[in-house]
Amino acid sequence: MDRTGPLTSSSNMDRAGPLTSSPTSSSSSSTNSAVPTNCTTSSNPAVPNPSLLLPNVIRQSSPGGGKTSTDNSTKRGNVETGDDNFLVKFGKRKRFRRPKGVPTVTFHAHLKTMLEWYEEFDDSQKNDMLKQLLSVSNSPQMHLLSSLMAPILHASCPHNCTDILYWLPPSISLEILGYLDVNSLVECQRVNKYWYRLSSDAKLWRTMCNKPFYRLSAKVATKQVDIFNSTLGYTPWKQVFVERYKLQQNWLHGTCYVRTFEGHTQGITCVQFDDYRIVSGSSDKTIKVWSTRSNSPWAGLTLRGHSGTVRCLHLDNNQLVSGSSDCTIKVWDLAEGVGWSRSRCTVTMVGHSHTVRCLQVGLGVVVSGSYDHTLKKWKLSTGECLGTLRGHLAAVLSVQFDSERIVSGSCDNTIKVWSFGTGDCLSTLAGHNNAVTCIHFDHSRIVSGSLDTQIRLWDIKSGRCIQTLDWANAEGHTGVVRCLQADTWRIVSAADDKTLKVWSLESGKRLVTLREHTDGVTCLQFNDLKIVSGSYDKTVKLWDFSKS
């Protein structure tokens with residue numbers, strides 16, 4: 001088997017304290033204290049200490065209508081200095097000049113005159129006056145105003161007058177909650193009973209289940225919902241989401257139950273699985289079928305028919321297609337009604353002149369890639385060759401297709417995109433420094449792995465490499481990348497460094513590294529719940545993330 005390829009080795013708070021003024025005082029001056037002090041009577045104007053932001057400053061007037069001052073300042077001639085030259089206003093510190101104030105008798109006279117004027121104003125003029133007063137007011141005045149207005153504003157309010165969700169129509173409230181992430185939605189349930197009822201709405205949690213990170217494949221999602229429906233008679237979407245959340249956390253932390261299947265006498269080259277069985281191919285020229293419903297680690301069925309290494313498999317319901325180094329492709333019937341002991345080869349396709357290294361089945365056809373530098377299309381039911389695609393300059397190691405295009409990777413270090421209908425080569429992607437061993441693509445991007453130990457992401461329309469995942473940049477593999485697969489949010493890759501790695505498809509961040517195999521990992525397949533992997537260590541492993 002082709003086990004060639006290089007094996008390379010290879011984280012202040014602004015501690016500036018509160019902004020204070022350190023006055024320059026004479027030798028007879030005392031040091032300013034940071035602790036609030038009461039005002040004392042003196043011949044200076046009554047001025048509160050602004051840095052303390054106290055709305056109710058204690059003032060004491062002298063018997064003769066004298067002025068008051070704070071003792072948090074130092075006299076120097078006719079000038080007062082202190083640590084109150086800064087004011088916190090609207091969260092920012094602002095320098096201001098202290099008003100000198102007026103004598104008490106004068107203040108009361110002026111105040112009486114202003115009130116007489118105010119009573120003569122109409123509503124518009126009163127509003128203008130209030131605006132002007134607010135514009136020249138500082139934080140102590142704003143604080144006093146809010147304290148005085150709060151009970152007046154809410155005196156006649158009903159219960160929960162400040163709860164916006166309580167007064168909005170439920171449909172609008174649910175629309176607002178629909179923009180929250182799962183952690184914020186859970187926090188909303190802790191506010192009060194009304195918020196709990198709103199944030200427990202089934203529509204919210206159904207929407208959450210359909211977000212890309214928590215969305216399951218149609219088959220797995222249907223099975224999960226059916227279990228709840230059969231038990232409860234309805235779908236509790238919040239509970240459905242809880243299950244999916246736990247599943248995603250298991251993936252993110254590598255929490256899984258691992259089973260090992262043994263029986264091959266040489267290294268595993270390819271694996272496939274469905275709900276109840278695993279199929280593996282090996283260099284020992286056999287295909288083994290393992291039951292995941294039993295606890296037995298031994299194969300329940302061995303298929304013999306290839307005369308060389310079984311290099312690739314595709315399981316589609318009860319139909320298994322295999323490719324081998326004997327240059328042939330075989331179709332096997334695994335229908336349960338037939339009985340495993342009577343499973344048989346139904347079609348053999350002959351046409352490649354060298355090892356059949358990769359294949360995929362779909363739309364009634366088989367597309368295969370070979371060491372003979374070509375790809376071929378075959379009719380699945382009859383084995384008839386429908387066409388040959390030529391263009392690669394070396395062995396074809398990987399292939400995938402959909403109804404519009406075929407994508408292939410080769411030992412010529414390139415990826416080619418072909419038209420599925422006509423077989424024409426649409427584009428060639430170059431960037432890897434060695435053979436492209438595995439590929440996966442969707443409508444917007446191609447993910448590829450190579451003998452150069454790198455994983456690359458490509459824009460499928462422009463052919464531009466948009467990201468590279470390697471050891472230096474993303475804690476990538478240190479050995480040849482043998483296999484990979486991707487879905488809507490993750491990439492899973494396997495390599496000769498004996499590990500499997502799970503990556504974020506969007507960010508390229510490595511999420512977790514899985515280590516259980518004792519030799520290089522050659523192949524894998526995964527779905528929402530499990531990974532199945534094969535290795536040179538002759539074992540097949542099942543990583544079940546639905547069980548912790």
Side-chain angles (χ1 to χ4, degrees), residues 1-7 267-272 281-283 306 308-314 321-329 351-361 366-378 388-401 405-418 425 427-441 446-458 465 477 479-486 491-496 520-525 533-536:
M1 56 193 303
D2 59 339
R3 194 177 175 180
T4 61
L7 185 61
I268 312 300
T269 56
C270 46
V271 290
Q272 291 277 284
S282 169
S283 295
H306 284 295
T309 298
V310 181
R311 296 311 317 261
C312 46
L313 293 170
H314 188 105
V321 182
S322 61
S324 171
S325 60
D326 64 8
C327 309
T328 67
I329 300 170
H352 282 296
S353 59
H354 210 316
T355 297
V356 180
R357 178 62 177 81
C358 52
L359 60 80
Q360 184 187 343
V361 180
V366 179
V367 177
S368 60
S370 170
Y371 285 0
D372 64 11
H373 306 183
T374 69
L375 295 96
K376 288 183 181 290
K377 290 173 62 176
W378 312 80
T388 300
L389 285 64
R390 293 181 172 87
H392 280 297
L393 303 178
V396 180
L397 303 181
S398 51
V399 67
Q400 186 188 355
F401 72 91
R405 54 178 72 89
I406 302 170
V407 180
S408 59
S410 169
C411 279
D412 61 12
N413 305 355
T414 67
I415 299 168
K416 288 186 180 290
V417 182
W418 315 76
C425 182
S427 61
T428 299
L429 285 59
H432 279 295
N433 301 315
N434 213 321
V436 181
T437 55
C438 45
I439 55 171
H440 188 98
F441 78 94
I446 299 172
V447 185
S448 62
S450 169
L451 289 178
D452 61 14
T453 75
Q454 295 179 349
I455 296 173
R456 289 179 179 257
L457 281 71
W458 312 76
C465 179
H477 288 290
V480 172
V481 180
R482 292 292 178 185
C483 187
L484 62 76
Q485 184 185 337
I491 304 169
V492 181
S493 59
D496 278 0
V521 186
T522 60
C523 51
L524 70 86
Q525 186 187 14
S533 60
S535 168
Y536 293 124

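All of these numbers come straight from a predicted model, not from anything done at the bench.
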Flag side-chain contact, heavy atom, 4.5 Å: Ile446 against Val407: yes
Thr269 and Ser283, any side-chain heavy atoms less than 4.5 Å apart: yes
Between OG1 on residue Thr309 and CZ on residue Arg311, distance to nearest 0.5 Å: 6.5 Å
For the student: nearest non-hydrogen atoms of Lys377 and Val367, plus distance: CG-CG2, 4.0 Å
Side-chain heavy-atom pair Leu397, Tyr371 within 4.5 angstrom cut-off: yes
Side-chain donor/acceptor of Arg456 to backbone N/O of Cys465, under 3.5 Å: no
Check: Asp326 side chain, His306 main-chain N or O, donor-acceptor pair, under 3.5 Å: no
Flag, side chain of Thr453 to backbone of Gly479, donor-acceptor distance under 3.5 Å: no
Worked check of side-chain contact (heavy atoms from CB on, under 4.5 Å) between Ile329 and Leu359: CA-CA 9 Å; Ile329 300 170; Leu359 60 80; 4.1 Å; yes
Nearest heavy-atom neighbours spanning Cys270 and Cys312: SG-N, 3.6 Å
Polar side-chain atom of Asp372 near backbone of Ser353 as donor-acceptor pair, under 3.5 Å: yes
Donor-acceptor pair, side chain of Thr414 and main chain of Thr428, under 3.5 angstrom: no
Atom of His477, atom of Ala495 and distance for their closest heavy-atom approach: ND1-CB, 3.2 Å
Shortest non-hydrogen contact between His440 and Gln400, atoms and distance: CA-OE1, 3.0 Å
Main-chain N/O of Ile268 paired to Ser282 side chain as donor or acceptor, under 3.5 Å: no
Whether Ser410 side chain and Ala394 backbone form a donor-acceptor pair below 3.5 Å: yes
Leu451 side chain reached by Arg482 side chain, heavy atoms, under 4.5 Å: yes
Identified side-chain contact (heavy atoms from CB on, under 4.5 Å) counterpart of Leu429 within the set Ile439, Val417, Val436: Val417
Donor on one side chain, acceptor on other, Lys376 and Thr388, under 3.5 Å: yes
Sub-4.5 Å side-chain heavy-atom contact between Leu375 and His392: yes
Exam field: side chain Ser398 to backbone Ser408, donor-acceptor pair closer than 3.5 Å: no
Leu313 side, atom CG; Gln525 side, atom CD - distance, nearest 0.5 Å: 10.0 Å
Full working for side-chain contact (heavy atoms from CB on, under 4.5 Å) between Ser368 and His352: CA-CA 9 Å; Ser368 60; His352 282 296; 2.7 Å; yes
Flag side-chain contact, heavy atom, 4.5 Å: Asn433 against Asn413: no
Value rounded to 0.5 Å, distance of CZ in Arg357 from OG in Ser324: 12.0 Å
Trace of the side-chain contact (heavy atoms from CB on, under 4.5 Å) decision for Tyr536 with Asp496: CA-CA 9 Å; Tyr536 293 124; Asp496 278 0; 3.5 Å; yes
Whether Asp412 side chain and Leu393 backbone form a donor-acceptor pair below 3.5 Å: yes
Test item: Ser370 side-chain N/O and Thr355 main-chain N/O as donor-acceptor pair under 3.5 Å: yes
Stepwise side-chain contact (heavy atoms from CB on, under 4.5 Å) check, Val492 with Leu484: CA-CA 6 Å; Val492 181; Leu484 62 76; over 6 Å; no
Heavy-atom closest pair, residues Gly449 and Val481: CA-CG1, 4.0 Å
Exercise: identify the closest heavy-atom pair between Ser450 and His432: CB-ND1, 3.2 Å
Beyond-backbone contact of His314 with Gln272, side-chain heavy atoms, under 4.5 angstrom: yes
